[in-house]
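Below is one structure, written out as structure tokens; comments come after it.
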Amino acid sequence: MDNAAIADVFDEMAELLEFRGENPFRIRAYTNGAKAIRELDESVAAILADPSRDLSKTPGIGKTLAEKSAVLVETGSLPQLIQLRAEIPEVTIQMARIPGLGAKKAVKLQQELGLESLGDLRKACQEDQIAKLKGFGAKTQAAILDGLSIAEAAAERIYWSSADDLARHIGEHMATCQAISKMEWAGSYRRGRETVGDLDLLVVADDHAAAMDHLECYAAYAQTIGRGDTKISIRVGKSFQVDMRVVEVDQFGAALQYFTGSQAHNIHTRRLAKEQGLKINEYGVFKIDDDSKVAGATEEDVYASIRLPWIAPELREDRREFELAAKNTLPVLIEVGDVIGDLHMHTNATDGTATIREMADAAIARGLKYIAITDHSKRVSMAMGLDEIRLREQWKQIDEIRPEYEGRLMILKGIECDILEKGGMDLADECLAEADWVLASVHYGQKQPRDQITERILGAIENPHVTCIAHPTGRLINRRPPYDVDMDAVMAAAKKHGKFMELNANPARLDLNDLHLAAAKRAEIPIVISTDAHSIDGLDVMQYGIKQARRGGLTKADVANTRPWPMR
DNA sequence: GCCGTTTTCGGCCCGACTGTTTTCAGTCG
């Protein structure tokens with residue numbers, strides 16, 4: 001059982017323990033343990049197998065979770081989890097996902113009414129049974145009915161890029177509000193998470209009500225979920241939630257810090273404050289003994305009050321940022337302008353829409369110094385993938401075009417060559433040997449067992465003509481899981497053979513993810529951020545890759561295509 | 001369940017909003 005699976009078990013334990021009304025700190029311990037294992041540098045199995053190591057020395061993992069991890073590695077399952085699953089009815093878990101219903105209310109509803117499905121719950125609402133229960137009322141019943149439709153609308157986290165579009169629209173609308181003097185987005189959107197569950201807007205306004213009224217006038221406004229003196233939550237479109245907080249200007253930094261999160265980062269921040277005799281909330285930093293305020297206007301002040309430098313939002317996940325901040329060794333994160341090359345794009349020779357010249361001109365317009373044309377190889381027949389003959393024709397074309405771009409743009413002869421299902425590359429070695437840049441990717445046989453698909457990718461890495469592994473896990477966010485690949489082995493091989501690994505910047509891929517990127521950085525494997533553009537506009541997704549790279553803690557030096565070709 | 005240059009027990013971030021309560025629990029972030 002790998003780390004991700006163990007972490008999932010602990011997360012599920014935490015979720016289920018809540019329904020038992022367990023001590024919240026015990027529940028948090030499971031969540032923390034899951035996080036610790038998910039972000040571990042090396043596999044739990046390897047640590048357990050080494051008698052000189054002790055898993056329970058890992059922060060967040062104590063004796064109990066270490067033992068449970070051992071059981072999971074050994075047997076692949078955990079008796080306590082099986083017991084909990086049997087104990088908590090599925091419908092109770094489903095009910096708790098309805099906005100406004102939590103574990104406690106869900107348990108009570110299920111037990112008192114003997115519900116077996118969400119359909120039963122709807123029926124109970126319609127028959128006015130819920131309003132009669134102690135602790136429930138007419139409003140709760142109406143909210144449940146409402147929430148049921150929202151849950152059925154399958155509200156899932158949206159891509160960061162979609163959240164970015166929405167934030168820009170709402171931002172433009174809010175900018176026309178006279179009452180608002182300052183405005184900033186917070187939350188997971190500001191942290192650049194690959195998906196965003198809701199948007200958090202922070203504003204300074206002399207008239208709170210006017211600012212809230214203005215938000216309720218947004219074009220796609222659907223409904224107000226809650227509204228108080230300082231906070232309003234609305235739904236836009238089908239089911240997406242937008243929260244807005246109104247604060248005073250001298251609280252702005254503390255509020256921004258607080259609403260940016262993550263929750264784990266905030267808990268850590270506040271614990272550090274407490275240790276120094278301070279209390280942090282969204283209004284500022286206060287001395288515990290006399291309640292006097294010591295900071296709050298800017299985030300820099302807030303962090304400075306606990307003797308830390310400002311921490312970039314992308315790093316605020318309580319991973320290593322506090323350790324680095326304390327040593328004043330936080331990375332200077334890569335910026336969009338640092339990238340000068342794009343080494344993954346398609347043309348109309350296969351499934352792209354633009355010609356080589358059109359892609360080249362668009363690249364120049366975006367400030368790039370070099371690009372690689374990397375169309376598909378023949379195995380991708382649906383995309384009319386290139387065989388050796390057509391590929392060499394394309395390269396001949398590139399030779400002919402190159403002089404036109406002399407001194408402006410280097411056009412590299414590349415290929416995105418498939419790694420075949422049975423192993424081996426889709427094109428002959430002597431052909432690949434003529435390329436400037438060879439991406440190797442898996443498109444078929446994605447569901448192969450771990451050993452098999454790992455072997456395929458390792459084989460590609462060992463091929464002397466392959467320069468980079470493209471979209472190394474194949475995942476499509478919210479749509480397709482990653483290959484079951486042993487990423488530790490892939491990285492070790494990439495390191496050994498001096499190969500690059502791609503961060504595919506397509507907002508649906510973002511592959512490698514942030515944790516892989518951090519691991520690659522530690523292993524000193526050079527990352528290449530590429531757009532995988534299939535059109536001129538496709539080149540614009542580079543910004544999403546940069547966001548992801550920042551979350552992985554990557555600097556300009558960690559990313560190869562910030563350097564002039566040949567990037568060494 | 002985790003953790004410890006004051007502790008192996010007693011803490012564990014902090015507050016807004018809602019609904020159903022007469023003072024607060026549940027939910028959310």
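Sequence lines set the chain letters: A, B, ... in the order given, protein chains first and strands last, and positions in each chain run from 1. Values below: all heavy atoms of this structure, side chains included; hydrogens, waters and symmetry mates excluded.
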Is the F322(A) ring parallel, tilted or perpendicular to the H268(A) ring (thresholds 30°, 60°)?
parallel
Side chain of K139(A) only, please: which of dG1(B), dC14(B), dG19(B) is the nearest?
dG19(B)
What pair of heavy atoms forms the shortest contact from V294(A) to S305(A), and how long is it?
CG2-CB, 4.3 Å
Evaluate the side-chain proximity of L121(A) to I130(A): yes if any heavy-atom separation is below 4.5 Å, no if none is.
yes
Base paired to dT8(B) (Watson-Crick or G-U; both N/O distances under 3.5 angstrom)
none
Please report the distance, rounded to the nearest Å, between CZ in R245(A) and C1' in dG15(B).
7 Å
Should K105(A) be listed as having a side-chain N or O under 4.0 Å from OP1 or OP2 of dA25(B)?
no
Do E282(A) and Q251(A) have a side chain donor and acceptor closer than 3.5 Å?
no
Is a donor-acceptor pair below 3.5 Å formed from side chain N23(A) to base dG1(B), judging by atom type as modelled?
yes
E18(A) CD to dT27(B) C1': how many Å, rounded?
10 Å
Of the listed dT20(B), dG29(B), dC14(B), the closest approach to the Q241(A) side chain comes from dG29(B)
Let me know the distance between CZ of F259(A) and P of dC14(B), rounded to the nearest Å.
15 Å
Using atom CZ of R271(A) as one end and atom P of dC12(B) as the other, report the distance to the nearest whole Å.
12 Å
dG1(B), dC12(B), dG29(B): which one has an atom nearest the side-chain heavy atoms of L65(A)?
dG1(B)
Can you tell me the distance, in whole Å, between the CG atom of L84(A) and the P atom of dG1(B)?
11 Å
Under 4.0 Å from OP1 or OP2 of dG15(B): is there any side-chain N or O of K279(A) that close?
yes
Do the side chains of R190(A) and E299(A) get close enough for a salt bridge, i.e. N-O under 4.0 angstrom?
yes
Nucleotide dG19(B), atom P - distance to CG of D146(A) in whole Å
12 Å
Counting only side-chain N and O atoms of T230(A), is one of them less than 4.0 Å from OP1 or OP2 of dC17(B)?
yes
Any side-chain donor-acceptor pair under 3.5 Å between R193(A) and S188(A)?
no
Considering just the side-chain nitrogens and oxygens of Y283(A), establish if one lies under 4.0 Å of OP1 or OP2 belonging to dA16(B).
yes
note: R227(A), atom CZ; dA16(B), atom C1'; distance rounded to Å ~ 15 Å
Output the single nucleotide from dC14(B), dG19(B), dG1(B) whose closest atom is nearest the side chain of T140(A).
dG19(B)
Separation of atom CE in M212(A) from atom P in dA16(B), rounded to whole Å
12 Å
Which nucleotide in the set dC2(B), dC12(B), dG29(B) lies at the smallest distance from any side-chain heavy atom of D200(A)?
dG29(B)
Indicate, with a heavy-atom threshold strictly under 4.0 Å, whether N281(A) touches base, sugar-phosphate, or nothing.
sugar-phosphate
Nucleotide nearest I267(A) when distance is taken to its side chain, options dG1(B), dC13(B), dG26(B)
dC13(B)
Check the phosphate of dG1(B) against R26(A), side-chain N and O only, distance under 4.0 Å to OP1 or OP2. Yes or no?
yes
